[in-house]
Amino acid sequence: MDAIGNRLLFRGTSSEYQRLRDTLVQLDQPARQVLVELTIAEVTLTDETRFGVEWFLEQTISGGTLSATTEGGSSRQLGGLGAVATHVFSRGRVEAALNAFASNRNLNILSTPRIFTRSGNEAEILVGIDVPIITSQRASDNQSGGDTDVLQTVQYRQTGIILNVRPIVYGDGRIDISLYQEVSSQQPNTSAAINSPLILNRSVSTQISLQEGMTAVIGGLMQDTYTRDQRGIPGLKDLPFIGAAFRSEEVTGDKVELVILLTPYIVRDDDDVEAMTEALTRSVNGALRQRGAQVYTLYPWRAPFASSRTHERPIRRTPPTPN
């Protein structure tokens, strides 16, 4: 037997050869091919509100100055409101500062990676970038112009859409799938001592068995977080109504909804491959035609990629055939 050339040498009678040939015709079938489609849909809503009043009192007394302050309870934020009122009297002054800030952030991620592979083989798709991350830094012994050089250690973190899948097709149309899926991206980091981005990562690793064309939820996250922080003068900040003048408040709300869907399709023949190619090509060309050669300003009230097209199945639907 020649495994590389897919050849078999046989020696025997003609009737034995005919029986062997009939058996080989039934067994010598190409491995099925599979198109695995994943849909990752995520919505993240972040709301933050800060409100505070700060007081400063300075009075001249015999032999010195008396000062009292609540400064530091709230901080002036860019884009917020800050107002200061000052009253000067004969022996001192009084200041009152009002700080108000509100922030809202909506994040919507929708990705649909697809990968085409043969039954029993592992396939991987990666679309992303390598993000440099500073892991450590220290001052060196070298100085130039009075400044000390800083030595940094940088590592690269792979981000983007990563899909690793290994499907196995059975004769009744059932598909066993071993899968690893990751969707990651970099986010700005304004609070760390080391100037490196934050990595927002959503990943799932699982094994699942499905019928062809069936869609299953393989992962999900529903998270709702509410935080309220209050600082101020003990006793006074808790008074009804007037207590708001002696405290600073911060309210933060985060809501995350994430769902990951998986749908496998068996590609049986060349017609299925052609139908799959046409469907995906038509989808890409439709997106280009919808946008056209125009460029426009993105406004908050305008959807960036609004589409009225319905979802198309990537291949034609055919009933599974027995082996």
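Side-chain atoms are counted along with the backbone in the values below, which use heavy atoms only and exclude waters and symmetry mates.
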Y265 side, atom OH; I175 side, atom CD1 - distance, nearest 0.5 Å: 10.5 Å
Non-hydrogen side-chain atoms of Q186 and I133 separated by less than 4.5 Å: no
Whether R166 side chain and G120 backbone form a donor-acceptor pair below 3.5 Å: yes
Atom of D272, atom of R268 and distance for their closest heavy-atom approach: OD2-N, 3.1 Å
Spacing of CG belonging to D172 relative to CD belonging to Q211, to within rounding of 0.5 Å: 5.5 Å
Set of residues satisfying side chain to side chain contact (heavy atoms under 4.5 Å, CB included) with respect to V127, sequence neighbours excluded: I125
Audit row: K237, L239, side-chain contact (heavy atoms from CB on, under 4.5 Å) steps and yes/no: CA-CA 6 Å; K237 74 177 184 63; L239 294 175; over 6 Å; no
Side chain to side chain, T65 and S67, heavy atoms closer than 4.5 Å: yes
Nearest atoms (heavy-atom pairs only) where V36 meets L38: CG1-CD1, 3.7 Å
Minimum side-chain heavy-atom gap T44-N106 below 4.5 Å: no
Salt bridge (charged side-chain N to carboxylate O under 4.0 Å, His left out) evaluation trace for R32 with E212: CA-CA 12 Å; R32 296 284 185 88; E212 179 199 4; over 6 Å; no
Under 3.5 Å side-chain donor-acceptor pair for T263 and T215: yes
Donor + acceptor pair across side chains of Q223, K255 (<3.5 Å): no
Do any side-chain atoms of residues 197-210 form donor-acceptor pairs under 3.5 angstrom with protein atoms, and if so which ones, sequence neighbours left out?
residue	atom	partner	partner atom	Å
R202	NE	E42	OE1	2.8
R202	NH1	L200	O	3.1
S209	OG	R174	NH1	3.3
S209	OG	D176	OD1	2.8

Verify same cluster id: F56, L98 (apolar side-chain graph, 4.5 Å): no
Taking every non-hydrogen atom, the tightest pair across L163 and P113: CD2-CB, 4.3 Å
For residues 177-184, which side-chain N or O atoms pair as donor and acceptor with protein atoms under 3.5 Å away, sequence neighbours left out?
residue	atom	partner	partner atom	Å
Y180	OH	E182	OE1	2.7
E182	OE2	R157	NH1	3.3
E182	OE2	S184	OG	3.1
S184	OG	G160	N	3.2

Expected output: side-chain T39 to main-chain T112 donor-acceptor under 3.5 Å: no
From CA spacing to verdict: side-chain contact (heavy atoms from CB on, under 4.5 Å), S119, I168: CA-CA 5 Å; S119 174; I168 299 178; 4.3 Å; yes
Co-membership, hydrophobic cluster, residues L221 and L262, 4.5 Å side-chain: yes
Min side-chain heavy-atom separation V217-V259 under 4.5 Å: yes
OG-CD1 distance between S111 and I161, expressed to the nearest 0.5 angstrom: 4.5 Å
Same apolar cluster (I L V M F W Y, side chains within < 4.5 Å links), I115/I40: yes
Separation of E58 CD from R93 CZ (nearest 0.5 Å): 5.0 Å
Listed partners of F10 passing side chain to side chain contact (heavy atoms under 4.5 Å, CB included), at least two apart: E16, Y17, L20
Salt bridge (charged side-chain N to carboxylate O under 4.0 Å, His left out) evaluation trace for R50 with E249: CA-CA 6 Å; R50 299 179 184 180; E249 293 187 84; over 6 Å; no
Donor-acceptor under 3.5 Å (T277 side chain, V273 main chain): yes
Residues N104, T46; criterion side-chain contact (heavy atoms from CB on, under 4.5 Å); working and verdict: CA-CA 6 Å; N104 309 95; T46 302; over 6 Å; no
From CD1 (I266) to CG (D269), nearest 0.5 Å: 12.0 Å
Closest approach of G82 to N99 (non-hydrogen atoms, all atoms of both residues): CA-OD1, 4.0 Å
Exam field: side chain W55 to backbone V94, donor-acceptor pair closer than 3.5 Å: no
Any side-chain heavy-atom pair of L81 and F101 under 4.5 Å: no
Any pair counted as salt bridge (Lys or Arg N to Asp or Glu O under 4.0 Å), so long as it reaches residues 117-135, sequence neighbours left out: none
Any pair counted as salt bridge (Lys or Arg N to Asp or Glu O under 4.0 Å), so long as it reaches residues 97-110, sequence neighbours left out: none
Residue pair R114 / L280, side-chain heavy-atom distance below 4.5 Å: yes
Flag if over 12 foreign heavy atoms under 6.0 Å of CG, N285: yes
Co-membership, hydrophobic cluster, residues V53 and I242, 4.5 Å side-chain: yes
Student check: side-chain heavy atoms of Q33 and T117 closer than 4.5 Å: no
Note, T252 side chain near D47 side chain (heavy atom, < 4.5 Å): no
Pairwise distance OG1(T227) to CD(E48) - rounded to 0.5 angstrom: 10.0 Å
Shared hydrophobic cluster, I260 / L126 (ILVMFWY, side-chain heavy atoms < 4.5 Å): no
